[in-house]
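Data first, discussion second: the structure below is written as structure tokens.
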Amino acid sequence: AEALHEQGRWDEGDTALRAGLGELLPATASDPAAAERCRVAFDNLARSGQERGDYAAAEAAFREGLAAVPGAAGHFHFQLGRLYAGRGRPREALAEFAEAGRLAPGSGRRAEPFVRQLRE
């Protein structure tokens with residue numbers, strides 16, 4: 001999937017990611033490595049959407065990741081905050097960064113520069 005994305009073959013790469021998710025998602029509750037691979041797959045699906053200018057697809061990938069990999073919720077809220085901040089949606093970005101910080105203090109610290117910039 002990553003090789004296809006590197007070649008700009010976004011749809012094919014996304015299809016490969018979806019196939020991998022289909023195999024890995026059932027194991028995420030008991031296998032931390034599977035959960036991490038799924039987190040990366042959802043990140044890559046979101047990046048694909050952003051690269052194609054389809055920000056709704058990027059948002060949907062992060063939201064899907066939130067539902068499918070709850071242990072990575074802080075990460076996905078942080079990523080949604082970044083997406084919203086970059087798209088001129090400051091209120092939504094701040095809400096996502098706050099939720100990221102609540103769920104995963106490390107994500108909250110990573111969000112501080114974004115939050116500071118949004119508030120300024």
Side-chain angles (χ1 to χ4, degrees):
E2 288 181 29
L4 291 166
H5 280 172
E6 290 299 320
Q7 296 170 13
R9 296 164 59 186
W10 303 108
D11 292 336
E12 292 171 86
D14 290 356
T15 298
L17 286 170
R18 291 278 175 202
L21 283 167
E23 292 178 21
L24 288 171
L25 280 172
T28 58
S30 61
D31 182 356
E36 176 60 16
R37 280 183 252 146
C38 288
R39 184 199 60 79
V40 170
F42 285 116
D43 280 348
N44 285 333
L45 286 169
R47 183 176 69 89
S48 172
Q50 290 174 343
E51 290 289 334
R52 291 180 283 114
D54 187 349
Y55 298 101
E59 180 179 2
F62 289 139
R63 295 252 172 239
E64 188 179 351
L66 269 170
V69 190
H75 168 80
F76 288 121
H77 282 290
F78 174 79
Q79 294 293 44
L80 281 164
R82 288 183 58 197
L83 179 69
Y84 294 153
R87 302 301 306 153
R89 297 166 63 180
R91 288 186 187 144
E92 292 162 290
L94 289 170
E96 293 296 339
F97 287 139
E99 187 65 5
R102 187 183 73 74
L103 294 170
S107 292
R109 283 189 296 279
R110 287 178 41 212
E112 287 174 5
F114 295 101
V115 170
R116 196 170 27 258
Q117 184 179 20
L118 288 166
R119 292 190 190 281
E120 289 173 357

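Numbers for residues simply follow the sequence, beginning at 1.
Nearest heavy-atom pair across A93 and G81 is CB-O, 3.4 Å. Shown here for A16 and A1, the closest heavy-atom pair between the two residues is CB-CB, 3.8 Å. Residues A100 and G74 come closest through the heavy atom pair CB-O, 3.4 Å.
Interatomic distance, N44 CG to W10 CH2, rounded to the nearest 0.5 Å: 9.0 Å. With values rounded to the nearest 0.5 angstrom, Q7 atom CD is found 8.0 Å from E12 atom CD.
For residues 27-50, the set of pairs meeting the salt bridge (charged side-chain N to carboxylate O under 4.0 Å, His left out) definition, not counting sequence neighbours, comprises E36-R39, R39-D43. Note on residues 65-74: no pairs pass side-chain hydrogen bond (donor to acceptor under 3.5 Å, both in side chains), not counting sequence neighbours.
R87 pairs by the salt bridge (Lys or Arg N to Asp or Glu O under 4.0 Å) definition with nothing, not counting sequence neighbours. Remark: E23 pairs with no residue by the salt bridge (Lys or Arg N to Asp or Glu O under 4.0 Å) rule, at least two apart or across chains. Among residues two or more places apart in sequence or in another chain, the ring-ring contact (aromatic ring centres under 6.0 Å, His included) test is passed with H75 by none. Shown here are the salt bridge (Lys or Arg N to Asp or Glu O under 4.0 Å) partners of R18, two or more places apart in sequence or in another chain: E64. For D14, the side-chain hydrogen bond (donor to acceptor under 3.5 Å, both in side chains) criterion is met by H5, S48, R52, not counting sequence neighbours. The salt bridge (Lys or Arg N to Asp or Glu O under 4.0 Å) search around E2 returns none, not counting sequence neighbours. Here E92 pairs with R89 under the side-chain hydrogen bond (donor to acceptor under 3.5 Å, both in side chains) rule; sequence neighbours left out.
By the 4.5 Å side-chain criterion applied to Ile, Leu, Val, Met, Phe, Trp and Tyr, F76 is assigned to a cluster that also includes L17, L21, L25, F42, L45, Y55, F62, L66, V69, L80, L83, Y84. Cluster partners of V40: none. The rule joins Ile, Leu, Val, Met, Phe, Trp and Tyr whenever side-chain heavy atoms lie under 4.5 Å apart, and it links nothing here.
With respect to E59 and R82, no salt bridge is recorded, no charged nitrogen being found less than 4.0 Å from a carboxylate O.
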Can you list, pair by pair, the side-chain donor-acceptor contacts under 3.5 Å of residues 101-120, counting residues two or more places apart and other chains?
unit_1 : atom_1 : unit_2 : atom_2 : d
R102   : NE     : E99    : OE1    : 3.1
R102   : NE     : E99    : OE2    : 3.4
R102   : NH2    : E99    : OE2    : 2.7

